[in-house]
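For the numbers below, each heavy atom of this structure counts, side chains included, while hydrogens, waters and symmetry mates do not. Predicted model only: the values in this text are computed from it and were never measured.
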Amino acid sequence: MMSGATMTAQSLREQERAARRAERERQKRVARDEAAERKRSEKSGFANVNNPRRSVTLTVICAVFAIYCLFPFVYLVINATKTQADFTSTFGLGFGKTFALWDNIVTVFTYNGGIFGRWLVNTLLYVVVGAGGATLLAIMGGYALAKFRFPGRKAVFAVIIGAISVPGIALAVPQFLLFAKLNLTNTPWAMIIPSLISPFGLYLMWIFSEQAVPTELLEAARVDGASEFRTFWTISLPLLAPGIVTTALFTIVATWNNYFLPLIMLKEDSWYPLTIGLNQWKDQASTAGGTAIQNLVITGSLITIIPLVIAFLCLQKYWQSGLAAGAVKE
């Protein structure tokens with residue numbers, strides 16, 4: 001009995017040693033495979049996300065494009081610190097003799113009776129009502145077109161695609177004639193009503209709603225007795241957040257930078273947005289007896305883009321979540 005127990009213990013120890021040897025061999029194979037994979041990744045460049053190697057050519061190209069995109073902003077920041085005399089007498093990418101940024105900002109908001117502040121309020125009005133309304137209509141229309149089936153749905157899709165293909169400038173003159181007949185020119189409605197229509201935003205929300213909101217989730221809510229409004233508000237709307245933010249930013253930027261429409265619709269400077277007002281300041285020097293105020297134009301342009309920069313930086317997390325959606329297999 002003792003010899004049998006001893007043999008059993010020895011057999012167990014031998015099995016344990018064999019298992020440890022097999023584990024060591026497995027770890028060695030894994031290490032060799034990882035080393036071979038690292039060598040292959042070094043040759044393939046970006047095949048491995050942990051590979052520290054970078055493409056010099058791609059880096060140079062990206063750097064050139066980054067400089068190209070940031071150059072106007074750098075020019076604005078530098079020249080907004082100059083007086084009018086320094087602006088005309090110093091190098092464009094060099095600072096002037098006097099650092100006058102704060103003085104320029106104060107002068108921008110006090111020049112000509114503080115008209116810049118009125119232009120800023122007008123622009124915010126057009127953006128909040130016009131771009132906000134366009135975003136809301138795009139959300140509701142895109143969701144309805146994506147999740148409800150009704151006759152004529154394909155015809156609506158064709159109309160939307162056709163509307164996207166038509167440039168906004170081509171519609172400006174017909175819009176002006178229409179609003180002139182309605183006696184709405186030179187009023188805020190001439191800016192707000194055209195801004196409420198965003199075919200691209202509607203198309204974007206249609207496609208996004210189709211992918212982001214599962215039909216099974218809506219069916220489960222309907223089975224539980226939830227109304228369509230409650231289903232949309234409590235279930236669909238949170239899922240549509242990345243698409244809503246993207247659509248809102250598109251419409252906000254389009255309305256904020258709109259130039260041609262207010263140029264033909266508005267004739268009183270009290271209703272001008274920032275784009276038309278700053279252009280009026282720029283052209284002031286070419287008029288008889290006009291005073292050159294390029295330093296104020298540059299400073300006003302810098303102030304104008306700051307809200308857009310803040311909006312993009314604050315809302316980028318929604319973009320990231322939207323880009324990641326659907327990237328992982330479930």
I'd like to know if the side chain of [X] and the backbone of [Y] have a donor-acceptor N/O pair within less than 3.5 Å.
X: Trp119; Y: Asp269; value: yes
X: Asn122; Y: Ser270; value: yes
X: Asp86; Y: Thr98; value: yes
X: Asn104; Y: Thr83; value: no
X: Trp256; Y: Thr304; value: yes
X: Arg153; Y: Leu145; value: yes
X: Gln84; Y: Gln294; value: yes

* **Whether over 12 other heavy atoms sit under 6.0 Å from Phe109 CZ** => yes
* Asked: Is Phe65 atom CZ crowded by more than 12 heavy atoms from other residues, nucleotides or ligands, each under 6.0 Å away?
  ->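 No, because the 6.0 Å sphere around CZ of Phe65 holds 12 heavy atoms or fewer from other groups.
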Flag side-chain contact, heavy atom, 4.5 Å: [X] against [Y]:
X: Leu237; Y: Ile244; value: yes
X: Leu239; Y: Leu217; value: yes
X: Ser227; Y: Phe232; value: no
X: Leu278; Y: Ser301; value: yes
X: Met205; Y: Leu240; value: yes

* Hydrophobic cluster membership, Leu76 vs Leu308, 4.5 Å side-chain cutoff ->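 No, separate clusters.
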* For the residue pair Asn279 and Tyr259, confirm or rule out a side-chain donor-acceptor distance under 3.5 Å. =>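 The answer is yes; a qualifying pair exists.
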* Asked: Is there a donor-acceptor contact under 3.5 Å linking the side chains of Lys82 and Thr90?
  ->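 Judged by distance alone, the side chains do pair up.
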* Asked: Which of parallel (below 30°), tilted (30 to 60°) and perpendicular (above 60°) describes Tyr203 and Phe157?
  -> tilted
* Asked: Going by the angle between their ring planes, with limits at 30° and 60°, are Phe148 and Tyr143 parallel, tilted or perpendicular?
  -> perpendicular
* Asked: Do Phe250 and Phe200 have their ring centres less than 6.0 Å from each other?
  -> yes
* Derivation of the salt bridge (charged side-chain N to carboxylate O under 4.0 Å, His left out) call for Arg26 and Glu23 -> CA-CA 5 Å; Arg26 188 189 69 80; Glu23 180 62 22; 2.7 Å; yes
